[in-house]
Each structure stands twice: as C-alpha cells, then as structure tokens.
Amino acid sequence: MSSSLVTPPAAEPLTTDEAKLYCRIESDFTAEDTIIAGIIQSAREYAETFQARQLITATWKLKLHCFHYEIELPRPPLQSVTSITYIDPDGVTQTLSTSVYSVDTDCTPGVIRLKYGQMWPSVRGQNDPPIVVTFIAGYGATSSSVPARTKDGMGIYCDWRYRDRDGTRPMPPAVDSLLMGECWGQYA
C-alpha cells in the first residue's frame, strides 16, 4: 500500500498576514515575504506529518495489491472518493461501480466498505499494485477551514523558525501540544 499526492492544495493553512501576526511583523513589511512563505510551507508540512492529516483540500491516490473488506484511506479528513480503478485478470483497466462499495467520510480515517451482497472483483497478480483509489481529503479549500488549534501550532512554529534561523533553539513544546490536541480532539 502506498499513497501519493496528485493535486496539491491551492492555498496554505496560514496566510502571510496570519503568519506575520504570530511573528510580530508589521503587515506592510514585505521584504521577507518569500522567507515567510517558505516557513509557512514548512509549518504545514510539519503539521500534516505530525497529525497524519491533510489540512487544505488535495487529491491523493492510494495503490493497493488486493481488495480488503474495509479500505482505510490515509490523510483524513476524507471528503470523497473520486474513483477506484483496477486491472482485471485479463490486464484491462476497469473502473469499479459505486454500487459495489460505500464510503464513510464520518469516521477517522475515512473508510471504503463493500456493500451488502457485493464482492470485490478479481485483480491481476503483478508487481505493480493493480488497484488505485483516487480520493479528496482535507478540511476545506481555504485557510479558514483549518481548525484553530492546528493554525495556532503552525503560527508558533512560524515564529520559532523566523526567530531561530541558525537552528540553535529547540522548537517550543506548545507546537506539538497544540497539534496533538487537535488530533485527539478528532477522535472524541
């Protein structure tokens, strides 16, 4: 099983102005906006890895060698499944009908389940995974859809990275505390 990003998010969870507020930089000071943009990206990547989540809407592919009763999709929250394709025993790529499976976006992580009375199709045995699930994950398309705790953790991360460019200070523990709190809050 492996997943890969197909369409990256169109925005970052923190805007440049939001990051500047955390870093205590005047919004009209633009000389370091490129640096701030890089720090925001780094903060998002850290938060997404720490939480094992997708913050802003993006499209992913999950490749599988075989069908399972339930298929858990990484990078919650799951918004939707776009398609499930597979290579049949004759080597022909097929698209699985939605009448065969259901998608549960309410659980974390999101799950694909076989519908009652249905069977998964046979797939070709090969080295490359014959099954590809294309799905959309993330809280939403804009920074306002990302939970406040996650944005706070990212903001503190941005301030730390901005002020500690030589890498001598440890990251503030509040970053992980805020990010972890958001993860646990999702399971409550």
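Below, all heavy atoms of this structure are taken into account, side chains as well, without hydrogens, waters or symmetry copies. Starting from 1, each residue takes its place in the sequence as its number.
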Can you tell me if T49 uses its side chain to pair, donor with acceptor, with the backbone of Y46 under 3.5 Å? no
Given 3.5 Å as the limit, does a donor-acceptor pair link the side chain of R24 with the main chain of Y22, or not? yes
Q126 side chain vs D128 backbone, donor-acceptor pair below 3.5 Å: yes
All N/O donor-acceptor pairs, side-chain side in residues 90-101, below 3.5 Å, sequence neighbours left out:
from, atom 1, to, atom 2, distance (Å)
Q94, NE2, D88, OD2, 3.1
S97, OG, S99, N, 3.1
S97, OG, S99, OG, 2.9

Would I35 end up clustered with I25 when hydrophobic side chains under 4.5 Å apart are linked, directly or stepwise? yes
State, yes or no, whether a side-chain contact exists between D33 and K20 at a heavy-atom distance under 4.5 Å. yes
So does R165 pair up with E32, basic N to acidic O under 4.0 Å? yes
Can you confirm whether more than 12 heavy atoms, excluding those of D166, are under 6.0 Å from its CG atom? yes
Mark yes or no for whether Q51, through its side chain, and L179, through its backbone, hold a donor-acceptor pair below 3.5 Å. yes
Measure the CG-CG distance between L14 and L55 for me, rounded to the nearest 0.5 Å. 9.5 Å
Passes side chain to side chain contact (heavy atoms under 4.5 Å, CB included), R113 versus D104? Steps please. CA-CA 8 Å; R113 293 186 181 97; D104 186 349; 3.1 Å; yes
Student check: side-chain heavy atoms of Y139 and P13 closer than 4.5 Å: no
Partner set under side-chain contact (heavy atoms from CB on, under 4.5 Å) for S27, not counting sequence neighbours: D17
Quick one: are T150 and L178 in side-chain contact, heavy atoms under 4.5 Å? no
Straight-line distance of F135 CZ to S3 OG, nearest 0.5 Å: 6.0 Å
Whether K61 side chain and S2 backbone form a donor-acceptor pair below 3.5 Å: no
Tell me whether I71 is reachable from I87 by hopping between hydrophobic residues (I, L, V, M, F, W, Y) whose side-chain heavy atoms are closer than 4.5 Å. no
Closest heavy-atom contact between V81 and L73? CG2-CD1, 3.7 Å
Quick one: closest heavy-atom pair of A141 and A11, and the distance? O-CB, 4.0 Å
Residue pair C66 / I131: nearest heavy atoms and the distance that separates them: C-CD1, 3.4 Å
Given 3.5 Å as the limit, does a donor-acceptor pair link the side chain of S42 with the main chain of G38, or not? no
We want to know whether Y157 and D176 form a side-chain donor-acceptor pair, criterion being a heavy-atom distance below 3.5 angstrom. no
I'd like to know if the side chain of W60 and the backbone of R75 have a donor-acceptor N/O pair within less than 3.5 Å. no
Determine yes or no for a side-chain-to-main-chain donor-acceptor pair under 3.5 angstrom, with W160 supplying the side chain and P170 the backbone. yes
Working for side chain to side chain donor-acceptor pair (under 3.5 Å), residues T85 and S83: CA-CA 6 Å; T85 60; S83 67; 5.5 Å; no
Of the non-hydrogen atoms in I40 and M154, which two are nearest, and what is the gap between them? O-CE, 4.2 Å
Joint hydrophobic cluster, L78 plus L114, side-chain heavy atoms closer than 4.5 Å: yes
Under the 3.5 angstrom rule, does the side chain of T57 hit a backbone N or O of G140 as a donor-acceptor pair? yes
Go through I84 and V132 one step at a time and tell me if the side chain to side chain contact (heavy atoms under 4.5 Å, CB included) criterion holds. CA-CA 6 Å; I84 301 175; V132 178; over 6 Å; no
To the nearest 0.5 Å, what is the distance between SG on C107 and CD on E70? 7.5 Å
Would you kindly confirm whether V6 and L62 end up in one hydrophobic cluster when ILVMFWY residues are joined by side chain heavy atoms under 4.5 Å apart? no
Take Q79 and T105, measure what side chain to side chain donor-acceptor pair (under 3.5 Å) needs, and give me the verdict at the end. CA-CA 6 Å; Q79 291 182 19; T105 59; over 6 Å; no
What are the two closest heavy atoms between A58 and P8, and how far apart are they? CB-C, 4.2 Å
With a 3.5 Å distance limit and no angle check, can you tell me whether Q54 reaches the backbone of E48 through a side-chain donor-acceptor pair? no
Do K151 and E18 meet the salt-bridge criterion of a basic N to acidic O distance under 4.0 Å? yes
Out of curiosity, I36 CD1 to R161 CZ, how far, rounded to the nearest 0.5 Å? 10.5 Å
Would you call W120 and Y86 a side-chain contact if the rule is heavy atoms closer than 4.5 Å? no
CG of L21 to SG of C158: how many Å apart, nearest 0.5 Å? 11.5 Å
Between P129 and K63 the two heavy atoms that sit nearest each other are CB-CB, 3.7 Å
